[in-house]
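Quick caveat: nothing in here was measured; it's all calculated off a predicted structure. In what follows, every chain begins at residue 1, and chains take the letters A, B, ... in the order their sequences are listed.
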2 protein chains.
Amino acid sequence: MRQDLFRGHLETLLLAVLEDGPRHGYAISQELAVRSGGVLSYPTGSLYPALRRLETAGLIQGDWAGDSGRQRRTYELTAAGRRTLAADKQDWQQFTTAVESVLRLA
Amino acid sequence: MRQDLFRGHLETLLLAVLEDGPRHGYAISQELAVRSGGVLSYPTGSLYPALRRLETAGLIQGDWAGDSGRQRRTYELTAAGRRTLAADKQDWQQFTTAVESVLRLA
DNA sequence: GTCTACATGTAGACCGCCTACATAAGGAGA
DNA sequence: TCTCCTTATGTAGGCGGTCTACATGTAGAC
């Protein structure tokens with residue numbers, strides 16, 4: 001399906017995956033695909049910049065986990081991130097309600 | 001709420017409003033606001049270019065309704081527009097299902 | 001005669017995401 | 001050990017839909 005429907009929702013989705021606990025980028029990407037039944041898949045060129053934006057915004061905190069030589073940056077939600085996620089979920093409800101009443105699906 | 005959530009959905013919303021019958025741009029805009037309970041409102045700089053894109057794509061057909069001196073371009077769905085709208089509705093269901101399973105709302 | 005609502009449109013810029021590319025380590029199999 | 005796939009992260013440049021700001025004109029109310 002059209003991938004561009006997800007525009008504007010990536011950061012919310014990332015926060016939601018991290019709600020279950022710390023994860024690194026690649027794992028987040030895989031979990032997005034699994035949880036969505038294979039519908040959601042973001043290219044790395046979208047994923048990693050988005051994680052950096054969230055970190056810069058103080059919504060997640062990243063840490064280089066140095067397990068052997070392999071580089072892995074593990075992220076976890078901050079308090080601000082949890083608040084933003086909660087607000088995003090409310091926005092989502094409003095959003096779908098509005099669209100579905102226009103589409104006559106509600 | 002964040003207006004940018006609606007990115008990528010404008011054209012579908014426009015088709016949905018026209019499903020009820022022909023309308024001109026300004027009326028479409030108002031009906032979007034009413035049907036969505038005031039949540040949805042697009043500036044004219046978004047609305048009119050979008051209508052032209054839909055017309056160029058053959059999904060709607062426009063006609064200058066010359067009622068007195070006032071200029072009004074009335075649009076109606078084409079057969080292709082109806083097909084696209086139906087497909088968009090299906091996409092919407094998939095989209096919300098995917099997002100809600102990630103957000104743990106489903 | 002002025003103000004608000006009606007009605008449509010263009011120009012330019014913004015910005016989130018995509019495409020394409022770049023890098024490198026770990027593990028499996030030949 | 002050589003190769004290949006998976007794991008893992010990232011940058012550069014561009015696209016495109018939307019927004020902001022501006023521009024234009026009519027109809028009706030007060």
Side-chain angles (χ1 to χ4, degrees), chain A residues 1-15 17-18 22-34 39-57 59-60 62-75 84 88 91 95 99, chain B residues 1-15 17-18 22-34 39-57 59-60 62-75 84 88 91 95 99:
Chain A
M1 70 173 295
R2 294 163 45 204
Q3 184 69 22
D4 64 304
L5 288 185
F6 298 99
R7 276 178 168 268
H9 300 278
L10 171 55
E11 300 189 358
T12 299
L13 293 168
L14 296 179
L15 293 177
V17 168
L18 288 174
R23 300 238 186 318
H24 63 281
Y26 191 82
I28 292 171
S29 168
Q30 286 191 309
E31 196 167 328
L32 270 178
V34 170
V39 173
L40 278 167
S41 79
Y42 285 95
T44 64
S46 304
L47 182 70
Y48 291 105
L51 287 170
R52 290 310 179 107
R53 282 196 304 274
L54 288 171
E55 192 176 13
T56 301
L59 303 182
I60 61 177
D63 180 52
W64 285 111
D67 80 322
S68 65
R70 196 164 207 153
Q71 61 171 356
R72 269 183 168 180
R73 191 158 179 86
T74 303
Y75 295 97
T84 299
D88 283 358
D91 283 351
F95 164 65
V99 172
Chain B
M1 72 171 294
R2 295 164 44 205
Q3 184 70 18
D4 64 303
L5 287 185
F6 298 100
R7 279 181 165 266
H9 300 278
L10 171 55
E11 301 189 358
T12 300
L13 293 168
L14 297 179
L15 294 177
V17 168
L18 289 174
R23 301 243 185 314
H24 62 281
Y26 192 82
I28 292 171
S29 168
Q30 287 191 310
E31 196 168 328
L32 269 178
V34 170
V39 174
L40 279 168
S41 79
Y42 285 94
T44 63
S46 303
L47 183 70
Y48 292 104
L51 287 170
R52 289 311 178 105
R53 281 197 303 273
L54 287 171
E55 191 176 12
T56 303
L59 303 183
I60 61 178
D63 181 51
W64 285 111
D67 79 323
S68 64
R70 197 165 206 152
Q71 60 170 356
R72 267 182 170 182
R73 191 160 179 83
T74 302
Y75 295 97
T84 299
D88 283 358
D91 282 352
F95 163 64
V99 172

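- When all heavy atoms are compared, the tightest approach of B:Asp88 to B:Thr12 is OD2-OG1, 2.8 Å.
- Pairs of residues two or more places apart, or lying in two chains, never qualify as salt bridge (charged side-chain N to carboxylate O under 4.0 Å, His left out) while including a residue from residues 39-49 of chain A.
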B/S/- along nucleotides 5-18 of chain C (protein heavy atoms under 4.0 Å) is -BSBBB-----BSB
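- We find that CZ of A:Arg2 is positioned 13 Å from C1' of D:dG16, with the value rounded to whole Å.
- With contacts defined as side-chain heavy-atom distances shorter than 4.5 Å, the pair A:Leu32/A:Leu14 qualifies.
- The salt bridge (charged side-chain N to carboxylate O under 4.0 Å, His left out) search around B:Arg7 returns none, not counting sequence neighbours.
- Residues B:Leu51 and B:Ile28 form a side-chain contact, since some pair of their non-hydrogen atoms from C-beta on lies under 4.5 Å apart.
- Under the rule for a ring-ring contact (aromatic ring centres under 6.0 Å, His included), the partners of B:Phe6 that lie at least two apart in sequence or sit in another chain are A:Phe95.
- Axis deviation across the helix from C:dG1-D:dC30 to C:dA30-D:dT1 amounts to 10°, comparing end segments of five pairs, rounded to 10 degrees.
- The two atoms that bring A:Leu10 and A:Ser46 nearest to each other are CD2-O, 3.8 Å, heavy atoms only.
- Annotation: salt bridge (charged side-chain N to carboxylate O under 4.0 Å, His left out) contacts of A:Glu31 (sequence neighbours excluded): A:Arg23, A:Arg35.
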